[in-house]
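Below is one structure, written out as structure tokens; the observations come after it.
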Protein chains: 2
Amino acid sequence: MATPQTGAGDPKRSLELLWREYEPQHSKPGPKPKLTVDRIVEAAITVADREGSCFGMRSVSNELGVGAMTIYRYVPGKKELIDLMVDRLSRIGPDAPDLAATDWRTALELVAESTWQVYSEHPWLLEVNQKRPVLGPDSLEGYDFVLGAFDSHDLPDREVNLAVTGLMNIVTGSARQYLIRDSAEDGPELSEAEWWEAQGPYLERAIASGRYPRVAKFSDEDSWDLTGHDAMRYAVDRFLDGLAPRMEASRRTPS
Amino acid sequence: MATPQTGAGDPKRSLELLWREYEPQHSKPGPKPKLTVDRIVEAAITVADREGSCFGMRSVSNELGVGAMTIYRYVPGKKELIDLMVDRLSRIGPDAPDLAATDWRTALELVAESTWQVYSEHPWLLEVNQKRPVLGPDSLEGYDFVLGAFDSHDLPDREVNLAVTGLMNIVTGSARQYLIRDSAEDGPELSEAEWWEAQGPYLERAIASGRYPRVAKFSDEDSWDLTGHDAMRYAVDRFLDGLAPRMEASRRTPS
DNA sequence: CTTCAATCGGGTACGTTGTACCCAGTAATA
DNA sequence: TATTACTGGGTACAACGTACCCGATTGAAG
């Protein structure tokens, strides 16, 4: 229960794993390893997609058909494994467009949409609590990729950083609100409709009490049923609206 | 480990608890209850502030000086308790200003700042994964309070909803990035400085590899050390910049 | 006052989690 | 062939949420 955190136990080992600096060409005694870190990470992602963020290490072992403790020969612990999984999922595909060749706004919208897509496919990502930024090779490449959207502008470096961080945080924040419920409904929890049906009478009574006048004023309309994607797009759109004048002012002249 | 979710087990009981519709005036046989739900919620918040989101039910019992299972006489389970804690923390103080009497922009900035403050004081809130919106009395009152910022405007209800949701998601998203690390460092985890010191060599080597040209181009500056609050403010400011023309266009004439 | 019944707090115990530890088997080197 | 490092598998433990039981307590009914 209750969301223990994801940080890094032994940072040295964790970073070695992230940057794949291990495996001394394997001319050591002993049997050859049956697994690889990458296979474990891939299997763990599969399991997490199925079981949600509360996936168990035993499930990962099972997915790989090995003993429960075998994984620990490759990965120091669950926290480090999650770090690897997170970094893996921020890998950008080979068919990614060149953001530098695109208008800055459509480029950033594209980044937001594709990030949203990743969250849709792996909602457990939103339930993971990273104590420290992971910054593995794939994350770094993703960041580098996004920076391409600012290539033809002279926005100060610091502000570029702020803009990218802000955009990602907007997408992540919106996704958390709306996508978490899609992941791994374990057991006797109820559906969306059932929840609102149960909650309805209480809300009606509360609104009828007059203690929430402003909510009451527009509660009977369908102003409520907005999808998560709508919410994300609205926030991103307003954010980009606000960013626009600064981008235009810093547009680099083609000289 | 790994973030099991917060939803609602039995919705009926959970909602009764949220709306405090229990306790039939106590003219029943049996000993008088030693505790109240509110005392439990308060104690649980104290414990969570100290131990982080991975606080244990036994710690709450201990804080109250009762047996481990006694809490379960009042609250069906941990998930429901967390729901109550979350709702409790979105209560607005009695000294809250009247947003309707304030300029819309400063009003929304105030909302963002005070939300940030709540997260600063209770970082474990950011680690909690709510599967369904809680919408208890305090949350609803908080929402009603925020709606006051739009009183003197004619923005469509749906867009008001989108704007408020967006603002909250921006604050929450930013807070998650930067505030989670402050909560409950349990055991042999390392400090911020140690982490960056350990990560530094890897990043330098990665950047030197030339695979991240854009990151390399502005990595040696101090464009990186932005505080979480800076990041939040930048995102909120751009969002409000983008919202501004729509707010101005919908300003209600004093007639 | 006695009896009944409902409800209290406390204690014990179970299943599940991450993972520390031990052990027998394997393969490269001397 | 003997040595030695390393493998995967199994057992075991502490901590967790919580189901369950039990004696004690207190109001209502006779």
Side-chain angles (χ1 to χ4, degrees), chain A residues 1-10 13 22-37 39-40 44 47-48 51-83 184 186-189, chain B residues 1-10 13 22-37 39-40 44 47-48 51-83 184 186-189:
Chain A
M1 289 283 107
T3 318
Q5 46 286 112
T6 295
D10 180 17
R13 181 100 179 86
Y22 44 80
E23 215 114 4
Q25 285 74 24
H26 204 272
S27 79
K28 311 168 293 184
K32 295 187 169 62
K34 193 192 291 186
L35 303 175
T36 61
V37 174
R39 271 194 63 202
I40 294 176
V47 170
E51 300 186 11
S53 75
C54 53
F55 75 95
M57 292 298 265
R58 286 172 173 85
S59 303
V60 180
S61 311
N62 222 292
E63 176 82 12
L64 290 162
V66 300
M69 290 304 296
T70 302
I71 310 180
Y72 286 89
R73 292 268 165 203
Y74 301 84
V75 168
K78 190 176 186 178
K79 292 197 287 276
E80 290 77 8
L81 175 56
I82 293 183
D83 282 351
D186 42 358
E189 318 231 337
Chain B
M1 289 284 107
T3 317
Q5 47 286 111
T6 294
D10 180 17
R13 181 100 179 85
Y22 44 80
E23 215 113 5
Q25 285 74 24
H26 204 271
S27 80
K28 309 168 295 183
K32 296 188 168 61
K34 194 193 290 186
L35 304 174
T36 61
V37 173
R39 271 194 63 203
I40 294 176
V47 170
E51 300 185 11
S53 75
C54 53
F55 75 95
M57 292 298 265
R58 287 173 173 86
S59 302
V60 180
S61 311
N62 222 292
E63 175 82 12
L64 290 162
V66 299
M69 289 305 295
T70 303
I71 310 180
Y72 286 89
R73 292 266 167 204
Y74 302 84
V75 168
K78 189 176 186 178
K79 292 198 286 277
E80 289 78 9
L81 176 56
I82 294 183
D83 282 350
D186 42 358
E189 318 233 337

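Note on naming: letters A, B, ... go to the chains in the order of the sequence lines (proteins, then strands), and numbering restarts at 1 for each one. Side chains are part of it too, since the values below use all heavy atoms of this structure and drop only hydrogens, waters and symmetry mates.
Here B:R39 pairs with B:L35, B:T36, B:L64 under the side chain to side chain contact (heavy atoms under 4.5 Å, CB included) rule; sequence neighbours left out. By the side-chain hydrogen bond (donor to acceptor under 3.5 Å, both in side chains) test, A:S61 is found to be paired with no residue, residues two or more places apart in sequence or in another chain being considered. A search for side chain to side chain contact (heavy atoms under 4.5 Å, CB included) contacts involving A:R58 returns A:A68, not counting sequence neighbours. Here B:M69 pairs with B:Y72 under the side chain to side chain contact (heavy atoms under 4.5 Å, CB included) rule; sequence neighbours left out.
In this structure, A:Y74 does not reach the D:dT7 phosphate: none of its side-chain N or O atoms is under 4.0 Å from OP1 or OP2. Under 4.0 angstrom from either OP1 or OP2 of C:dG18 there lies at least one side-chain N or O belonging to A:K78. In this structure, A:K32 does not reach the D:dG8 phosphate: none of its side-chain N or O atoms is under 4.0 Å from OP1 or OP2.
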## Note on the structure
With B for base contact, S for sugar-phosphate-only contact and - for none (protein heavy atoms under 4.0 Å), nucleotides 19-24 of chain D reads BB----

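Across the protein-nucleic acid pair, B:F55 atom CZ and D:dT18 atom P stand 10 Å apart, rounded to whole Å. Put simply, CD on B:E80 is 13 Å from P on D:dG17, counting in whole angstrom units. In this structure, the CD atom of B:E51 is 13 Å from the P atom of D:dA15, given to the nearest Å. Put simply, NZ on A:K34 is 15 Å from P on C:dG25, counting in whole angstrom units. One atom, CD1 of B:I40, and another, P of D:dT18, lie 14 Å apart when rounded to the nearest Å. Across the protein-nucleic acid pair, A:M57 atom CE and D:dG8 atom P stand 14 Å apart, rounded to whole Å. Distance B:I71 CD1 to D:dG17 C1': 11 Å, rounded to the nearest Å. Counting to the nearest Å, the P atom of D:dA29 and the NZ atom of B:K28 are 16 Å from each other.
Between A:L81 and A:M57 there is a side-chain heavy-atom pair separated by less than 4.5 Å. Counting heavy atoms from C-beta on, the side chains of A:R73 and A:P33 never come closer than 4.5 Å.
Residue B:P29 has its side chain nearest to D:dG27 when only D:dG17, C:dG10, D:dG27 are considered.
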## Note on the structure
Base-pair string, DNA chain D, Watson-Crick plus G-U, cut-off 3.5 Å on both distances, | for inter-strand, is ||||||||||||||||||||||||||||||

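Here the closest non-hydrogen pair linking B:S59 and B:V47 is CB-CG1, 3.7 Å. Between A:E51 and A:C54, the shortest heavy-atom contact is O-SG, 3.8 Å.
Take the nearest nucleotide of DNA chain D for A:R58 and for A:V66: the residue whose nucleotide is more 5' is A:V66.
For the pair B:K78 and B:F55, the cation-pi criterion (under 6.0 Å, within 45° of the ring axis) is fulfilled.
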